[in-house]
There are 2 protein chains.
Amino acid sequence: MKRTSLKDIAEKLQLSQTTVSWVLTGNGDRRGISKATQDLVRNCAAEMNYQPNLIARSLNLGKTKTLGLIIPSISDFFYSSIAMEIEQTASKNGYSLMIASSESNPEKEENLLRTFRSKGVDGIIIAPTKKSKNEIKRLIKEKFPIVSFDRFFPDLEMSSIVIDNKESSYKLVRHLIRKGCKKIAVITTNPHLITMCSRVDGYKQDLEEAGIDINPDLIGCVTYDKYELNIINVLDAIFEKEADVDGFFFTTHILALEAFLYFNKKGINFNEKFGLACIHSVSTFEILAPYINVAEMPVKEIGEKSVNILLESIESKKKNRCGKTLQLGFALYPPL
Amino acid sequence: MKRTSLKDIAEKLQLSQTTVSWVLTGNGDRRGISKATQDLVRNCAAEMNYQPNLIARSLNLGKTKTLGLIIPSISDFFYSSIAMEIEQTASKNGYSLMIASSESNPEKEENLLRTFRSKGVDGIIIAPTKKSKNEIKRLIKEKFPIVSFDRFFPDLEMSSIVIDNKESSYKLVRHLIRKGCKKIAVITTNPHLITMCSRVDGYKQDLEEAGIDINPDLIGCVTYDKYELNIINVLDAIFEKEADVDGFFFTTHILALEAFLYFNKKGINFNEKFGLACIHSVSTFEILAPYINVAEMPVKEIGEKSVNILLESIESKKKNRCGKTLQLGFALYPPL
DNA sequence: CTGAAAGCGCTTACAG
DNA sequence: CTGAAAGCGCTTACAG
């Protein structure tokens, strides 16, 4: 069954496509089309179950009312929460969302950027992997609307949502030190990302200020891929070399959860034994680690602002204002 | 900066658009275009950074190589896991994914169905809310490719991924009874969904077979909206009326997690006090509820099969075969 | 108050 | 081996 088009309605009503189009896009009054005709058109459209072909409209207008979102993983709770906020904010503004995971693979990411661009999304929100810069550069050169979050390139002039990673980490670890921890390990991942470096930098600054030597054996770096397996080796290594470790700072909540599973399996009463701190959290921390200190990511804000900044640059008919950077803060729990 | 089009390349090379198009779509050899010309075209395209406008192609071919996914919530771990599988399977087959949450709101869902259709997705995967049938019916009548998972309409002739909810629930609760539970509560939600009814039905069948009367006070139904708050009232009510409840069957892992938070806050040692069973799980159950019995959703299979069935019906040039229903099983842990 | 016509950027049947 | 032309279904400047 063929879908009904403007032409079908026009023919049936012996009107021009132009008139039908004006009415159905809500410009009937502005164009001074008689009420009678307007009603006729609208009724006929409803009767024939007319749904506009937005592909055709997009080709004509050069806009699709669709945004693209590229994240490392859709099922990661942090990213899926942000994806939800983004979709809701987009939806409120009349935009749909195309979503894809890069799986932290630079090549896949570049392909996704190209595909989204080719498919005509009006703008892209991305949590980029370090390496994939060429395609992003090209988009920036084209003045294509794009904004990054969670990760960013300081040398690229693009809009980004940035978070005070170093500062928050610094506060968290300082708190552990004040609570009396002498030997704090940091468990991190993706060391090529500035975001992660900043978190470890905050940790290092604390130790320095407290006059504690930085011990490389206490810095556990877990591969992003297969982290569930890899973290076991990382933790094994720490306990082997530094059996009297008394604190853990996790740079992501995923790492903390995996570590809890590890501790639990080994029969380690981690809540009594260690001072704990973590970037971001999930509600079950309440049971799993009631004394942990966390810096909560402003998920809702990140999602909303990403979309808002993007839409601003899409909808401002004037010159595209790239390079707008927004700095957001963590919320610390319990307040330190 | 205008994007380069086929025409630009054709003009620069003094060739026809036709030739350029044949070469760039990989049909140069088949059309017998000389190697020399082909190289010329490809080099020029690369040089000018040509990226095809897929909107134009879509308008012409009536295909967008894009699928639509509609789920109740993007950040719910169950749905985001499935979304990930779907995106990966789609991607492997050359399809992009548009995603949106219905928030279990039938009106929003109908709008999304219309929007996706208008935007020209080639097919839709949906976990539908009970009420929203009109738009789905219309799509089925149009022979538009659509498949549902997690939830379904037995009276509609559409492709669905169905799971043996009743059977798995039956096995889980039977196990609790065998372990000696006399007074088992069921905590559920969305009572209008067949999926949820089946789970409660499994529970009821167990009680009947065991000769236990069904006690409505032990059936706790949590609203989907604001479940975090509502579940507190539901549990309060159960403990008030049936203080000697000794088992809990949760029809979703979200409900179990919230209940654990509740128990924890009340200082109830739930692992010792209750027999526990749940549909689906998360890895932290290992720590939170080591003795719980779970029926694991075949997430990977659901995602993959949804896409495969959809693509079959999209790509089969012959008649559209709707109405294909696939039955999948749960995995029970520990095996009962 | 209404319409004829061009154009968005592709693909492809048809022609040579 | 290559090209002129129609068409996908809209929008909109222009004309009356």
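The chains referred to below are lettered A, B, ... by the order of the sequence lines, with proteins before strands, and numbering in each begins at 1. All heavy atoms count here, side chains included; hydrogens, waters and symmetry mates do not.
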Do A/Ile136 and A/Glu110 make a side-chain contact, defined as non-hydrogen atoms from C-beta onward lying under 4.5 Å apart? no

Interatomic distance where CD belongs to A/Gln51 and C1' belongs to D/dC10 [whole Å]: 15 Å

Just compare C/dG9, C/dT12, D/dT2 and give me whichever is closest to any side-chain atom of B/Leu59. C/dG9

Identify whether any heavy atom of A/Ser21 sits under 4.0 Å from a base atom; if not, whether one sits that close to sugar-phosphate; answer base, sugar-phosphate or nothing. base

List the steps, then state whether side-chain hydrogen bond (donor to acceptor under 3.5 Å, both in side chains) holds for B/Thr129 with B/Ser104. CA-CA 6 Å; B/Thr129 60; B/Ser104 292; over 6 Å; no

A/Ile55 CD1 to C/dG9 P, straight-line distance once rounded to whole Å: 15 Å

When both hydrogen-bonding distances must be under 3.5 Å and the geometry is Watson-Crick or G-U wobble, what is D/dA15 paired with, if anything? C/dT2

Just N and O in the side chain of A/Ser58: are any of them under 4.0 Å from OP1 or OP2 of D/dC10? no

Rounded off to whole Å, could you give me the CG-to-C1' distance for the A/Asn27 and D/dA13 pair? 14 Å

Quick one, B/Arg57 with B/Asn60, criterion side-chain hydrogen bond (donor to acceptor under 3.5 Å, both in side chains). Give me CA distance, side-chain angles, the key distance, then yes/no. CA-CA 5 Å; B/Arg57 178 182 293 171; B/Asn60 185 294; over 6 Å; no

Output yes when at least one side-chain N/O atom of A/Tyr50 is less than 4.0 Å from OP1 or OP2 of D/dG9, else no. no

Atom CG of B/Leu24 to atom P of C/dT12: distance rounded to whole Å? 14 Å

Backbone of A/Ala56 reached by a side-chain donor or acceptor of A/Asn53 within 3.5 Å: yes

Rounded to whole angstrom units, what separation is found between the CZ atom of B/Arg57 and the C1' atom of D/dG9? 19 Å

A/Val121 and A/Leu67, any side-chain heavy atoms less than 4.5 Å apart: no

Write out a two-atom table: protein N or O, nucleotide N or O from nucleotides 3-6 of chain D, distance below 3.5 Å.
| from | atom 1 | to | atom 2 | distance (Å) |
| --- | --- | --- | --- | --- |
| D/dG3 | OP2 | B/Ser16 | N | 3.0 |
| D/dG3 | OP2 | B/Ser16 | OG | 3.2 |
| D/dG3 | OP2 | B/Thr19 | OG1 | 2.8 |
| D/dA4 | N7 | B/Thr18 | OG1 | 3.4 |
| D/dA4 | N6 | B/Thr18 | OG1 | 2.6 |
| D/dA5 | N6 | B/Thr18 | OG1 | 3.4 |

Could you give the CD1-to-P distance, from A/Ile9 to D/dC10, as a whole number of Å? 8 Å

Mind checking A/Leu61 for me? I need base, sugar-phosphate or nothing, with any heavy atom below 4.0 Å counting as a touch. sugar-phosphate

Positive for side-chain contact (heavy atoms from CB on, under 4.5 Å) with A/Ile9, one of A/Leu24, A/Leu40, A/Leu15: A/Leu24

Which part of the nucleic acid, if any, lies within contact of B/Thr37, taking any heavy atom under 4.0 Å across all strands shown: a base, the sugar-phosphate backbone alone, or nothing? sugar-phosphate

Electrostatic pair A/Glu135:A/Arg117 at N-O distance under 4.0 angstrom: no

Rounded to whole Å, please give me the gap between NZ in B/Lys63 and C1' in C/dC10. 17 Å

Which whole-number value in Å describes the distance from A/Leu54 CG to D/dC8 P? 18 Å

